[in-house]
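The next block holds one structure in the form of structure tokens; read it before the comments.
Note that the coordinates shown come from a computational prediction; the quantities given were computed from them, not determined experimentally. When a ligand or atom number is given, it counts from 1 through the structure's own listing order.
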Amino acid sequence: MRLIVAGATGFVATEVLRQAINNPAITSLVALARRETACPDNAGENATKFTSAVCEDFGNYSEDVKKQLAGANACIWLIAVTPSKLKTMPFDEVRNICLDYTDYGIATMAPLAAKPFRFMYCSGVNAERDQTKKLWIMHDYGLLRGKAEQNVLDFAAASNGAVEASTAKPGMIAGPNTPWTRAIAKTIISTVVGLPRVEVHEIAAAMISGVVGGFESDTYLNEDLVRVGRKVLESEKSSA
Ligand SMILES: NC(=O)c1ccc[n+]([C@@H]2O[C@H](COP(=O)([O-])OP(=O)(O)OC[C@H]3O[C@@H](n4cnc5c(N)ncnc54)[C@H](OP(=O)(O)O)[C@@H]3O)[C@@H](O)[C@H]2O)c1
């Protein structure tokens with residue numbers, strides 16, 4: 001299968017690419033980002049599966065980029081502004097990146113894709129789909145991410161089976177290479193705020209398993225990402 005990883009230069013995507021490159025079910029891996037993505041350093045002879053696709057404007061895909069995306073069976077969408085970067089830009093720009101790029105991305109990829117086209121949208125535990133709700137923390141951002149989730153699910157529902165979609169809603173994502181000061185800060189924040197936690201290798205494995213084998217539901221809560229991710233990783237370990 002041909003898998004697109006959108007937002008390929010990011011933290012979660014780096015682990016998704018690292019796992020996907022050696023997954024035998026994935027025969028072609030397209031790393032889509034606004035700048036070049038390096039081939040994962042564990043690729044070995046599977047480096048031939050890897051292509052870096054550079055899209056300068058996610059509101060307007062060039063014909064060259066569309067050619068690189070054509071024929072895909074699935075996409076894991078990881079483009080977003082994370083909460084720690086919210087204050088670095090006006091909220092209109094956050095809306096454009098988190099919502100408009102996602103809407104336009106799925107609408108651009110689906111007609112070029114194989115059928116069914118599986119689309120996994122990663123947001124977060126606090127993304128709220130009900131736009132009438134009042135959120136006590138990050139109200140505008142939580143609703144924005146929830147709207148993006150809902151739009152992806154609505155797009156799939158209206159596609160007559162051409163698109164299958166799901167959403168991943170992780171809490172805090174921990175990584176092995178997080179500097180210890182940041183790791184401690186993350187642990188304190190997640191404990192104080194009561195955020196659940198998932199390891200980056202677990203969420204990556206869970207999302208890959210969903211796009212490769214089919215989604216178990218249209219929503220993967222943090223606990224689902226941990227459960228599915230651990231199961232996949234354990235079975236890979238025991239068959240190695
Ligand atoms: N990290 C966590 O603890 C955490 C927790 C819960 C949920 N999540 C969610 O998981 C997903 C991935 O998060 P992450 O931590 O991997 O984020 P990240 O490291 O910040 O990566 C974000 C990706 O989006 C791209 N991007 C940002 N602005 C862009 C723009 N204007 N145009 C094109 N691309 C743009 C970045 O490209 P550049 O590299 O070029 O900037 C990068 O590829 C997000 O939806 C996030 O909300 C993350």
Side-chain angles (χ1 to χ4, degrees), residues 4-19 30-38 52-62 65 75-106 108 119-128 137-138 141-149 151-152 166-179 182-190 193-204 206-208 219-226 229:
I4 300 166
V5 178
T9 50
F11 163 59
V12 178
T14 300
E15 177 61 17
V16 170
L17 293 175
R18 204 189 64 76
Q19 292 187 23
V30 183
L32 176 64
R34 60 179 164 177
R35 56 197 170 91
E36 285 287 343
T37 308
S52 168
V54 177
C55 181
E56 278 162 15
D57 177 4
F58 278 88
N60 181 18
Y61 290 63
S62 70
V65 172
C75 172
I76 297 176
W77 187 274
L78 296 159
I79 296 176
V81 180
T82 54
S84 63
K85 294 179 190 151
L86 274 183
K87 297 280 178 226
T88 64
M89 64 188 80
F91 196 72
D92 279 351
E93 197 177 334
V94 175
R95 176 182 302 281
N96 191 33
I97 297 165
C98 292
L99 181 64
D100 302 340
Y101 284 0
T102 316
D103 289 348
Y104 194 63
I106 191 169
T108 302
F119 192 94
M120 169 58 91
Y121 177 70
C122 182
S123 62
V125 69
N126 289 327
E128 175 55 62
I137 48 164
M138 294 193 293
Y141 180 73
L143 291 186
L144 176 68
R145 301 303 305 270
K147 180 151 178 52
E149 285 183 3
N151 286 1
V152 164
S166 187
T167 54
K169 294 171 77 74
M172 188 74 80
I173 305 177
N177 299 323
T178 310
R182 204 165 139 69
I184 289 174
K186 276 188 157 197
T187 304
I188 292 170
I189 292 166
S190 69
V193 182
L195 268 186
R197 173 190 164 112
V198 59
E199 299 292 323
V200 70
H201 56 276
E202 293 166 349
I203 184 173
M207 292 193 295
I208 292 170
T219 304
Y220 287 70
L221 300 176
N222 192 84
E223 68 220 49
D224 302 318
L225 295 165
V226 172

Query raised in the report: side chain to side chain contact (heavy atoms under 4.5 Å, CB included) with L32: which of V65, V54, V5?
Result: V65
Requested in this report: Report yes if some heavy atom in the side chain of M172 is under 4.5 Å from a heavy atom in the side chain of V125; otherwise report no.
Outcome: no
Query raised in the report: Any idea which atoms of ligand 1 are less than 4.0 Å away from a heavy-atom of P170?
Result: 6 (C), 7 (C)
Query raised in the report: How are the rings of W77 and F58 set to each other: parallel, tilted or perpendicular (split at 30° and 60°)?
Result: perpendicular
**Report entry** Atom indices of ligand 1, in the order listed, that fall short of 4.0 Å to a heavy atom of G171
**Finding:** 5 (C), 6 (C)
Report summary line: Check: of T37, I79, V125, min heavy-atom distance to atom 25 (C) of ligand 1 comes from I79
Query raised in the report: Is it true that the side chains of R95 and Y141 contain a donor and an acceptor less than 3.5 Å apart?
Result: no
Query - Residues, nucleotides or ligands: over 12 heavy atoms within 6.0 Å of K147 NZ - result: no
Report task. Would you please determine whether R145 falls within less than 4.0 Å of ligand 1 on a heavy-atom basis? Result -> yes
Requested in this report: Ignoring angles and geometry beyond distance, decide whether G7 reaches within less than 3.5 Å of ligand 1 through its nitrogen or oxygen atoms.
Outcome: yes
Query raised in the report: In Å, rounded to the nearest 0.5 Å, how long is the span from OH of Y61 to SG of C55?
Result: 5.5 Å
Report summary line: At under 4.0 Å between heavy atoms, what of C122 touches ligand 1? The answer is both
Report summary line: Of E15, E36, R35, K85, the one whose closest heavy atom lies nearest atom 20 (O) of ligand 1 is K85
Query raised in the report: Which atoms of ligand 1 have any heavy atom of T82 under 4.0 Å away?
Result: 13 (O), 15 (O), 17 (O), 46 (C), 47 (O)
Report task. Quick one: look at S123 and ligand 1, take heavy-atom pairs under 4.0 Å, and tell me if it's side chain, backbone, both or neither. Result -> backbone
Report task. May I ask which of F11, Y101, Y141, F58 has a heavy atom nearer to atom 1 (N) of ligand 1 than the others do? Result -> F11
Requested in this report: Can you spot which of T37, I79, L78 makes a side chain to side chain contact (heavy atoms under 4.5 Å, CB included) with T9?
Outcome: T37
Query - Residues E149 and T167: side-chain donor-acceptor under 3.5 angstrom - result: no
Query raised in the report: Which atoms of ligand 1 sit under 4.0 Å from any heavy atom of L78?
Result: 12 (C), 22 (C), 23 (C), 24 (O)
Query raised in the report: Quick one: does E56's side chain get under 4.5 Å of R34's, heavy atoms only?
Result: no
Report task. Would you check the N or O atoms of R34, main chain and side chain alike, for any that come under 3.5 Å of an N or O of ligand 1? Result -> yes
Query raised in the report: Any idea which of I203, N126, V12, T14 brings a heavy atom closest to atom 14 (P) of ligand 1?
Result: V12
Query raised in the report: Under 4.0 angstrom from ligand 1, any heavy atom of A6?
Result: no
Report task. Output the distance between atom CG (N222) and atom CD (E202), rounded to the nearest 0.5 Å. Result -> 9.0 Å
Query raised in the report: Within less than 4.0 angstrom of ligand 1, does I97 place any heavy atom?
Result: yes
Query raised in the report: Does E93 have a heavy atom less than 4.0 Å from any atom of ligand 1?
Result: no
Query raised in the report: Can you find an N/O atom of I173 closer than 3.5 Å to an N/O atom of ligand 1?
Result: yes
Report summary line: When every non-hydrogen atom of V198 is compared with those of I203, the smallest separation belongs to CG2-N, 3.9 Å
Query raised in the report: Numbering the atoms of ligand 1 from 1, which are under 4.0 Å from a heavy atom of A80?
Result: 22 (C), 24 (O), 27 (C), 44 (C), 45 (O)
